[in-house]
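Down below is the structure, laid out as structure tokens.
Sequence lines set the chain letters: A, B, ... in the order given, protein chains first and strands last, and positions in each chain run from 1. Everything numeric here is computed off the predicted structure, so don't read it as measured data.
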2 protein chains.
Amino acid sequence: MKQAITAKDVAKLAGVSQSSVSRVFFDGAKVSEKTRAKIMAAAEQLGYRPNEFARSLITNRTRIIGMVMKGVQNPFYPQVLKQFATAFKEEGYSILYVHTNNDEIEAEDVETLLNYNVAGVIITDAAMASTVEKQFEVNKIPVVFFNRKLNTDEFYSVCCNNVDAGRKIAEFLINKGATDMAYITGDEKTSTSRERQRGFQEILDQRKIAYRQFASDYTYNGGYQTAMQIIGKESLPAAFFVANDIMALGVLDALKNSGIKIPEDTKVIGFDNIDMASWPAYQLTTWEQPIEKMVETTVAYLLNEIAEYTGLAEVVEVDGSLIERFTT
Amino acid sequence: MKQAITAKDVAKLAGVSQSSVSRVFFDGAKVSEKTRAKIMAAAEQLGYRPNEFARSLITNRTRIIGMVMKGVQNPFYPQVLKQFATAFKEEGYSILYVHTNNDEIEAEDVETLLNYNVAGVIITDAAMASTVEKQFEVNKIPVVFFNRKLNTDEFYSVCCNNVDAGRKIAEFLINKGATDMAYITGDEKTSTSRERQRGFQEILDQRKIAYRQFASDYTYNGGYQTAMQIIGKESLPAAFFVANDIMALGVLDALKNSGIKIPEDTKVIGFDNIDMASWPAYQLTTWEQPIEKMVETTVAYLLNEIAEYTGLAEVVEVDGSLIERFTT
DNA sequence: CTGAAAGCGCTTACAG
DNA sequence: CTGAAAGCGCTTACAG
């Protein structure tokens, strides 16, 4: 009842074979201009669209990209999703959105991706077990970790240059005159949090500047709570480097609520440059992640791998840049 | 090369027919426990998964829900996306994410949805031309407008009870002693903005309370700019009803930046109850949209229509509730 | 309960 | 360049 119009119908109306209809709608096939015109006219009249499933069944490939996301509460990710959706639409690919509730991508989600035989997979903030990895590999489905690096070097991964950003941030704060500093971590299982920390601490150690670290979780509430605990118990550091913006906003609110003046009493710098960082209420100095470049890189890689699978594993690091506002 | 394992392979290993393998993996088909066990064992050993495309081709239905979104910059929508993804995953459905850049859903996006023969469509903040409507109808694809109501009554639509919420908000502010009020609109093409306004103004008119209206656009920056213009030129109203939260935050920041005390000098109430509304920096009084109930209603409707298409068009309005914080 | 067979709507060698 | 035909991996009447 659904999908009433098939290539056969078009063929009949146009007075040609079904194969010719197929050729018109399949890129790369040859048809004479004359038959093409006849077929296009008939197709238009009937409202024909090729059945994507029949097509996928026979070609054994799809034009679907699996997008695995977890942290939609962080505005960074909706932004990323939007950009991927837009970029892939231009290339004729659609997005299968898979929301995972776990740190690690769930078996069920992998099933979904494999069932739909996705052309490629982008994983934004989840990890992946090595058994899962094998499944994608066996099926020659390229996978990109976006904004995450795994411990193994068996994956293609697109990140901001986090270590270097940490270094630059340290130097920036030193130049601002900060003499002791605190790093508020994100989820410590993530490469992003660890690498930002590494670069940051490296410079402070070199310059013999006091370094403290407080564990948090990449959420607004986490940042708020962590800052409150510091304010209650510890001396105030001269500057905070907070592992991402949304958490930095929490830190900022906690400090302000406690009557601490920014940037006079202490300074705060975040990471990501989400929209809110530029809001008048915050005016957060931060490190901009080059989302566009990261997305471009990811799309280019996936399209290449789709065209010819190589399984290339590599970590691509794109440079971000400091955005100075009023919290430093 | 991909999708190496088919039902045939499993059948061979289990010593049964391919039809029996199919029956084991197709809900509702009957197989004896004995053959089922044999087949399951073989399937597990080989890592068999039914090919979703072959399945869809023959049954002429899919387990894909098309999700059309525009405004991912408003944190309300990522929240909605997450809840839909989670709810549909439980039902065995996947989400095809379609990002539209237009107010009206684009022809290209409709093509995508039709090509994938989606089982149902959810449209969150875009409109739809009537030609498009027909296409879904002809294909018996159920469509839900989520948080939007169209001018025509030809669609199923799930909303918060916006008119009533507007009334309640007016009464609430009157009880707080506000004697003249302003409504800051969202995008005026949307039903949500107009209906919230209607209920709000209705009560003010009844009580003969001064009402002003300022056009804005549902974004943070829009709220900020609109408030700034009011502050420059107009007398300050005793209370603002701002058509959504993200814009209310902009209004709040503009007021605060201008040295206006809240809730003493003026009051502000938003709409949605996004996470940020509860942040210490804002503590925004707002109207909570019952996302969960709205999602449940939508999912239930779609599953019904998928099971048996009726094309039922109805506007379902779910009641929200006032969340009082410190801006009123 | 089970198997053989038709058929879903396409793509793609293979002839002509 | 074009058509007839095989086949992708399933579901589903139809017999037995």
Aromatic plane relationship, F84(A) with F88(A) - under 30° parallel, 30 to 60° tilted, over 60° perpendicular:
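The arrangement is parallel - the two ring planes meet at less than 30°.
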May I have all residue pairs that pass side-chain hydrogen bond (donor to acceptor under 3.5 Å, both in side chains) and include part of residues 298-312 of chain B, sequence neighbours excluded?
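Qualifying pairs: E305(B)-T310(B).
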Partner set under side chain to side chain contact (heavy atoms under 4.5 Å, CB included) for T100(A), not counting sequence neighbours
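For T100(A), the residues satisfying side chain to side chain contact (heavy atoms under 4.5 Å, CB included) (neighbours in sequence not counted) are V68(A), K70(A), N102(A), E106(A), D109(A), A126(A).
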Give the rounded distance in Å between these two atoms: [atom1] of [X] and [atom2] of [N].
X: N115(A); N: dC10(D); atom1: CG; atom2: P; result: 10 Å
X: E52(A); N: dT11(C); atom1: CD; atom2: C1'; result: 13 Å
X: R61(A); N: dG9(D); atom1: CZ; atom2: P; result: 15 Å
X: N60(A); N: dC10(D); atom1: CG; atom2: C1'; result: 14 Å
X: N51(B); N: dC10(C); atom1: CG; atom2: C1'; result: 13 Å
X: D9(A); N: dC8(C); atom1: CG; atom2: C1'; result: 13 Å
X: L57(A); N: dG9(D); atom1: CG; atom2: P; result: 7 Å
X: Y116(A); N: dG9(D); atom1: OH; atom2: P; result: 18 Å

Quick one: salt bridge (Lys or Arg N to Asp or Glu O under 4.0 Å) partners of K293(B), sequence neighbours excluded?
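Testing K293(B) for salt bridge (Lys or Arg N to Asp or Glu O under 4.0 Å), a comparison that skips the adjacent residues, returns none.
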Applying salt bridge (Lys or Arg N to Asp or Glu O under 4.0 Å), can you list everything that pairs with E137(A), at least two apart in sequence or on another chain?
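Per chain and number, E137(A) pairs via salt bridge (Lys or Arg N to Asp or Glu O under 4.0 Å) with K134(A).
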With Y93(B), which residues qualify under side-chain hydrogen bond (donor to acceptor under 3.5 Å, both in side chains), at least two apart?
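Here no residue qualifies.
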Per the salt bridge (charged side-chain N to carboxylate O under 4.0 Å, His left out) rule, what does the pair list look like for residues 71-80 of chain B, sequence neighbours excluded?
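Checked against salt bridge (charged side-chain N to carboxylate O under 4.0 Å, His left out) - neighbours excluded - no pair reaches residues 71-80 of chain B.
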Does anything in residues 29-44 of chain A form a salt bridge (charged side-chain N to carboxylate O under 4.0 Å, His left out)? List the pairs, not counting sequence neighbours.
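Listed once each, the pairs are E33(A)-R36(A).
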Decide whether N60(B) and N117(B) meet the rule of one side-chain donor and one side-chain acceptor closer than 3.5 Å.
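Indeed, the side chains of N60(B) and N117(B) share at least one donor-acceptor pair under 3.5 Å.
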Where the side chain of A7(B) is concerned, which of dC10(D), dT11(D), dT11(C) is the nearest nucleotide?
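The nucleotide sitting nearest to the side chain is dC10(D).
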Given dT12(D), dC10(C), dC10(D), which nucleotide is nearest the side-chain atoms of Y48(B)?
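Selected nucleotide (nearest to the side chain): dC10(D).
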Using Watson-Crick pairs (N1 to N3, plus N6-O4 or O6-N4) and G-U wobble pairs, both distances under 3.5 Å, which stems of at least 3 pairs involve DNA chain D?
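DNA chain D forms these stems: C:1-3 with D:14-16, C:5-12 with D:5-12, C:14-16 with D:1-3.
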Which sits closer to the 5' end of DNA chain C, F26(A) or A54(A), going by the nucleotide each is nearest to?
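In this pair, the answer is A54(A).
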Protein-nucleic acid N or O pairs under 3.5 Å, nucleotides 2-6 of chain C:
from	atom 1	to	atom 2	distance (Å)
dT2(C)	OP1	S32(B)	OG	2.8
dT2(C)	OP1	T35(B)	OG1	3.0
dT2(C)	OP2	S32(B)	N	3.0
dT2(C)	OP2	S32(B)	OG	3.4
dT2(C)	OP2	T35(B)	OG1	2.9
dG3(C)	OP2	S17(B)	N	3.0
dG3(C)	OP2	S17(B)	OG	2.9
dG3(C)	OP2	S20(B)	OG	2.7
dG3(C)	N7	R23(B)	NH1	3.3
dG3(C)	O6	R23(B)	NH2	2.6
dA4(C)	N7	S19(B)	OG	3.2
dA4(C)	N6	S19(B)	OG	3.1

